[in-house]
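Input: a single structure, listed below in structure tokens.
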Amino acid sequence: MDLSVTPNDADQVAAAILSWYDQHGRKSLPWQQNRTAYKVWLSEVMLQQTQVNTVIPYFENFITRFPDVQTLAAAGIDEVLHLWTGLGYYARARNLHKCAQVVTDKYKGEFPEDPELLEALPGIGRSTAAAIAAQAYNKRAAILDGNVKRFLARLHCVPGWPGQGNTLKALWRLAEHYTPQQRCQAYTQAVMDIGALVCTRRNPKCDQCPAERWCAARLTASQHDFPHSKPKKTNPVRQSTLYMLYVPNSGYLLLQRPPTGIWGGLWSLPDAKEIKNLLGQLPETEEKQHLEHKFSHFTLQAEIHLCTLNTQQNKPLSLNIREQGQRWYNPEQPDNIGLPGPIHKLLHALRT
DNA sequence: AAGTCGGGGTT
DNA sequence: AACCCAGACTT
């Protein structure tokens with residue numbers, strides 16, 4: 001690893017990157033139009049571990065429904081999760097909602113400019129705080145997302161994979177080193193664009209890169225060795241039994257999942273234990289389906305039991321009382337709630 | 001430091 | 001099928 005750079009080098013590299021940005025950088029992304037701190041923040045949170053093209057329609061939906069931070073703060077969490085459904089990492093949506101309320105109440109609806117204050121807000125870490133400060137307020141702050149990690153790891157042949165402590169520390173040091181005092185908004189966008197469009201994971205377009213002449217990996221033809229890839233491990237399989245409990249004229253029973261854990265805050269099907277708590281016994285199954293869903297860190301295999309309850313059996317479920325965390329879901333008149341993709345698919349697959 | 005938390009795009 | 005994506009948060 002070559003950390004023997006001087007401030008003078010950093011200025012030259014930053015100047016080349018800024019010049020590249022003026023010619024080739026992205027300037028028409030939705031959150032770059034009529035830029036506000038609210039739009040920058042919303043986009044940055046959505047873009048955490050999520051690709052640009054995936055985010056765009058969600059961003060548009062959110063801006064239409066919640067045009068400002070006060071509107072988002074005043075909304076119900078179920079509607080926020082509903083609009084977030086499919087984006088994944090639902091803690092982001094809960095933190096987003098909470099953050100909107102803090103900004104509305106504590107900061108009178110104006111996001112702070114200081115990265116340290118931004119980082120204290122829920123759902124905003126070091127890189128996102130810097131991105132908001134730089135993009136919304138043109139403040140000098142270094143970002144380090146996946147794009148920049150790859151770009152810097154190659155530029156200096158930084159060993160190790162970025163999840164490792166010392167590797168991450170070296171990358172942050174480089175990120176701070178190259179971030180210029182001036183035009184930080186453009187620079188920040190530029191390094192992300194270079195990572196996304198030029199210094200790609202495979203087949204990087206080094207001949208188009210403004211930092212080619214300084215790149216240690218390019219010099220040694222070792223672009224493909226950096227950054228080192230994450231050590232892989234096999235994902236476990238978790239098995240479960242879920243019930244599609246149907247009550248005529250009401251719908252399917254859904255339970256709200258606890259705020260933390262998988263599908264946190266979303267509405268899902270009850271498992272056998274939950275059904276037994278509610279009914280005292282397991283109902284007779286009419287039909288079974290198999291569900292397999294792959295998460296990034298485990299595979300879910302579930303047996304789906306279809307059951308219909310007659311009116312007499314309804315009583316233990318307090319049909320006429322809307323219990324906290326329980327609801328009846330009618331696929332023909334769906335509620336605006338957060339519903340995991342595979343559960344939504346199950347509930348809407350029974351079209352006759 | 002390691003684990004948890006999604007769903008989708010790309011190859 | 002494997003790998004990664006505009007990471008944050010908990011343990």
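Note on naming: letters A, B, ... go to the chains in the order of the sequence lines (proteins, then strands), and numbering restarts at 1 for each one.
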Just to be sure I understand the rule, does A:Arg150 reach a base, reach only the sugar-phosphate, or reach nothing, if contact means heavy atoms closer than 4.0 Å? sugar-phosphate

Tell me if the CD atom of A:Glu60 is crowded by more than 12 foreign heavy atoms within 6.0 Å. yes

Pairs satisfying ring-ring contact (aromatic ring centres under 6.0 Å, His included), at least one member in residues 197-238 of chain A, at least two apart: A:Phe226-A:His228

Given atom CE of A:Met192 and atom C1' of C:dG7, what is their separation to the nearest angstrom? 13 Å

For B:dG6, does either OP1 or OP2 sit under 4.0 Å from a side-chain N or O belonging to A:His293? no

For A:Leu266 and B:dG6, give me the distance from atom CG to atom P, rounded to whole Å. 8 Å

Would you mind reading off the distance between A:Asn147 atom CG and C:dG7 atom C1', rounded to a whole angstrom? 12 Å

Using a 4.0 Å heavy-atom cut-off, does A:Ile143 contact any base of the nucleic acid, only the sugar-phosphate backbone, or nothing at all? nothing

Among C:dC4, B:dT10, C:dC9, the one nearest any side-chain atom of A:Asn95 is C:dC9

Answer yes or no: does a side-chain N or O of A:Trp172 lie under 4.0 Å from OP1 or OP2 of C:dG7? no

Quickly work out the A:Arg94 CZ to C:dA8 C1' distance and round it to whole Å. 12 Å

Where each residue is assigned the nucleotide of DNA chain B containing its nearest heavy atom, which of A:Thr54 and A:Tyr89 is assigned the position nearer the 5′ end? A:Tyr89

Between B:dT4, B:dT11, B:dG7, which nucleotide gets closest to the side-chain atoms of A:Arg202? B:dT11

For the backbone of A:Ile262 and the side chain of A:Arg257, can you confirm whether one donor and one acceptor N or O come within less than 3.5 Å of each other? yes

Taken to the nearest whole Å, CZ/A:Arg201 to C1'/B:dG9 is 10 Å

Where each residue is assigned the nucleotide of DNA chain B containing its nearest heavy atom, which of A:Gly163 and A:Asn53 is assigned the position nearer the 5′ end? A:Gly163

Phosphate OP1/OP2 of B:dC5: any A:His297 side-chain N/O under 4.0 Å: yes

Hey, does the side chain of A:Glu119 reach the backbone of A:Glu116 with a donor-acceptor pair shorter than 3.5 angstrom? no

Roughly how far apart, to the nearest Å, are B:dG6 and C:dT11 at atom P? 15 Å

Is the phosphate of C:dA8 approached by A:Thr128 (side-chain N or O, under 4.0 Å from OP1 or OP2)? yes

Checking A:Asp193 against A:Trp20: is there a side-chain donor and acceptor pair closer than 3.5 Å? no

Positions of residues 254-262 of chain A (non-hydrogen atom under 4.0 Å from DNA chain B), listed by number: A:Gly261, A:Ile262

Quick one: is A:Tyr90 getting a side-chain N or O under 4.0 Å of the B:dG7 phosphate, OP1 or OP2? yes

Nearest to the side chain of A:Gln49 - C:dA8, C:dC5, B:dG9? C:dC5

If you only use heavy atoms from C-beta on, which nucleotide in B:dC5, B:dG9, C:dA8 is closest to the side chain of A:Gln48? C:dA8

Residue met sooner reading DNA chain C from 5', once A:Val52 and A:Pro122 are mapped to nucleotides: A:Val52

A:Lys98 NZ to C:dC9 C1', straight-line distance once rounded to whole Å: 16 Å

Heavy-atom donor-acceptor pair, A:Thr50 side-chain to C:dG7 base, under 3.5 Å: no

For atom CG of A:Asn166, is the number of surrounding heavy atoms from other residues, nucleotides or ligands below 6.0 Å larger than 12? yes

note: A:Glu119, atom CD; C:dA8, atom C1'; distance rounded to Å ~ 10 Å

Do you know which two heavy atoms are closest between A:His348 and A:Pro331, and how far apart they sit? CE1-O, 3.3 Å

Taking everything shown except A:Asp207 itself, do over 12 heavy atoms lie less than 6.0 Å from its CG? yes

Have a look at A:Lys232 and say if it touches a base, only the backbone sugar-phosphate, or nothing, with a 4.0 Å heavy-atom cut-off. sugar-phosphate

Answer with base, sugar-phosphate or nothing: what part of the nucleic acid does A:Gln189 contact at a heavy-atom distance below 4.0 Å? base

What pairs of residues pass the ring-ring contact (aromatic ring centres under 6.0 Å, His included) test when at least one of them lies in residues 119-155 of chain A, not counting sequence neighbours? none

Value in whole Å for how far the C1' atom of C:dC3 lies from CH2 of A:Trp161: 13 Å

Classify A:Phe295 by what it touches in the nucleic acid, base, sugar-phosphate, or nothing, heavy-atom distance under 4.0 Å. sugar-phosphate

Consider the side chain of A:Arg92, meaning its heavy atoms from C-beta on, and name the nucleotide among B:dT4, B:dG9, B:dG6 that approaches it most closely. B:dG6

